[in-house]
Amino acid sequence: MYVAIAAQSVALSLSKRHGIRFNRLRRIFTGLIIRSVGAQVKLIGTIDADTDILIVNHQSMLDIFSLEEVVGNDTRFIGRTGIMDKWPVSRIVDRVGHITVDQKDRRAIITLLKDVKICQGKKVIIFPEGTRSQSGKIEPFEAGAKLLVEKLKLKAQPVVIKNILDVYNESNKSATSGTIEIEALPAITITDGWYENIHQQMNKVFNQ
């Protein structure tokens, strides 16, 4: 998988950003990375065409490529510096236009709001736990996703990734052939307590 990611980094560096060849290479390498760990990806439910932001649980680097497999190229991930600014991932992040957040910057949330607004027409994907969870449950959500949805009035849809640790365990670098399930829940309606409610809904689906 890491060899495939490094190869994608080089290939995208040599292609015109978001040209036909660039987009084709993204699709090829996404499939290659998924197959490199013996995985298949199955989408359950529907991701609405007009959804602005997907709120997704996070367990490993493979989450990103699994989501790209079912959503397509029009995705922009939000991730922290220190993770997304290390080669070879950093080159892919730069070439594609994914969003990085420097938590040490006091103006980070202002920058994030601007960056997400620029991505209008793309599927922005945020991992509200703020870190990868390998505990077998969805950890508490940080405030960032809630702020983005409410401030920018985004159409948001929760998405749950299941079985990924059974297929690829990042902590011990083991892989076993299997199917990664990605389940799209209905788009949210912003009411009092909506953020806490989707955390509960996602946990319920995750544990089914």
Side-chain angles (χ1 to χ4, degrees), residues 1 30-31 33-72 74-80 83-84 89 98-99 101 116 123-150 154-208:
M1 185 180 78
T30 293
I33 290 164
I34 295 296
R35 291 193 300 273
S36 72
V37 298
Q40 294 180 328
V41 183
K42 176 183 179 182
L43 176 63
I44 301 169
T46 302
I47 296 174
D48 297 342
D50 59 345
T51 293
D52 299 308
I53 188 167
L54 301 176
I55 299 174
V56 189
N57 60 305
H58 192 25
Q59 297 160 89
S60 79
M61 185 188 301
L62 195 61
D63 295 342
I64 292 173
F65 302 105
S66 300
L67 288 162
E68 284 189 339
E69 179 81 348
V70 297
V71 179
D74 282 339
T75 54
R76 298 294 182 269
F77 289 88
I78 298 174
R80 294 176 173 177
I83 298 174
M84 295 180 73
V89 173
H98 296 311
I99 300 167
V101 179
V116 171
K123 294 283 188 292
V124 175
I125 297 175
I126 188 167
F127 300 115
E129 297 159 282
T131 187
R132 299 170 190 173
S133 171
Q134 297 197 327
S135 65
K137 63 181 181 179
I138 298 177
E139 301 293 343
F141 288 173
E142 296 182 352
K146 182 176 187 290
L147 183 64
L148 285 174
V149 171
E150 294 181 351
L154 303 176
K155 178 175 178 178
Q157 194 168 356
V159 173
V160 179
I161 301 178
K162 299 189 287 185
N163 306 329
I164 202 163
L165 295 183
D166 295 331
V167 177
Y168 173 69
N169 191 312
E170 196 163 27
S171 63
N172 60 23
K173 300 296 187 292
S174 65
T176 305
S177 297
T179 300
I180 298 166
E181 294 182 358
I182 296 180
E183 185 162 348
L185 280 59
I188 63 133
T189 300
I190 299 177
T191 56
D192 290 342
W194 72 267
Y195 199 48
E196 293 76 13
N197 289 339
I198 66 163
H199 182 270
Q200 294 175 7
Q201 292 170 19
M202 290 174 67
N203 251 317
K204 183 178 179 179
V205 170
F206 182 77
N207 291 316
Q208 286 176 346

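Side chains are part of it too, since the values below use all heavy atoms of this structure and drop only hydrogens, waters and symmetry mates.
Remark: side-chain polar atoms of Asp74 are not paired, donor with acceptor, to backbone N or O of Lys123 under 3.5 angstrom. Side-chain atoms of Glu139 never come within 3.5 Å of backbone atoms of Glu129 as a donor-acceptor pair (strictly under, hydrogens ignored). With hydrogens and angles disregarded, a donor-acceptor distance shorter than 3.5 Å links the side chain of Tyr195 to the backbone of Glu142.
No more than 12 heavy atoms of other residues, nucleotides or ligands shown are found within 6.0 angstrom of CG on Asp192.
In this structure the side chain of Leu185 reaches within 4.5 angstrom of the side chain of Val160, judged on heavy atoms. Looking at Met1 and Tyr168, their side chains come closer than 4.5 Å, going by heavy atoms from C-beta outward. The shortest distance between side-chain heavy atoms of Ile188 and Val149 falls below 4.5 Å.
Using a 30° and 60° split on the angle between ring planes, Phe127 and Phe77 fall in the parallel class, below 30°.
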Show every donor-acceptor pair shorter than 3.5 Å between a side-chain atom in residues 201-208 and any protein atom, with sequence neighbours excluded, or say none if there are none.
unit_1 : atom_1 : unit_2 : atom_2 : d
Asn203 : OD1    : Ile138 : N      : 3.4
Asn207 : ND2    : Asn203 : O      : 2.9

Indicate every side-chain donor-acceptor pair of residues 63-72 with a distance under 3.5 Å to a residue at least two apart or in another chain.
unit_1 : atom_1 : unit_2 : atom_2 : d
Asp63  : OD2    : His58  : ND1    : 2.7
Asp63  : OD2    : Gln59  : N      : 2.5
Asp63  : OD2    : Ser60  : N      : 3.0
Ser66  : OG     : Leu62  : O      : 2.9
Glu68  : OE1    : Thr30  : OG1    : 3.1
Glu68  : OE2    : Arg26  : NH2    : 2.8

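Distance check: Ile44 CD1 to Glu181 CD gives 4.0 Å after rounding to the nearest 0.5 Å. Interatomic distance, CD1 of Ile53 versus CZ of Arg76, reported as 14.0 Å (0.5 Å rounding). Note that NZ of Lys146 is 11.0 Å distant from CD1 of Ile55, once rounded to the nearest 0.5 Å. Interatomic distance, CD1 of Ile78 versus NE2 of His98, reported as 11.5 Å (0.5 Å rounding). Atoms OG1 and CD, from Thr46 and Glu183 in turn, are 11.0 Å apart once rounded to the nearest 0.5 Å. Interatomic distance, Ser174 OG to Asp166 CG, rounded to the nearest 0.5 Å: 10.0 Å.
The shortest non-hydrogen separation linking Lys155 to Ala187 is CE-CB, 3.6 Å. Ile47 approaches Ala184 most closely through the heavy-atom pair CG1-CB, 3.9 Å. Minimum heavy-atom separation, Ala145 to Pro128: CB-CB, 4.2 Å.
Among the candidates Val37, Val167, Leu43, the single residue satisfying the side-chain contact (heavy atoms from CB on, under 4.5 Å) test with Ile180 is Val167.
Every residue two or more places apart in sequence or in another chain was checked for a side-chain hydrogen bond (donor to acceptor under 3.5 Å, both in side chains) with Glu196, and none qualifies.
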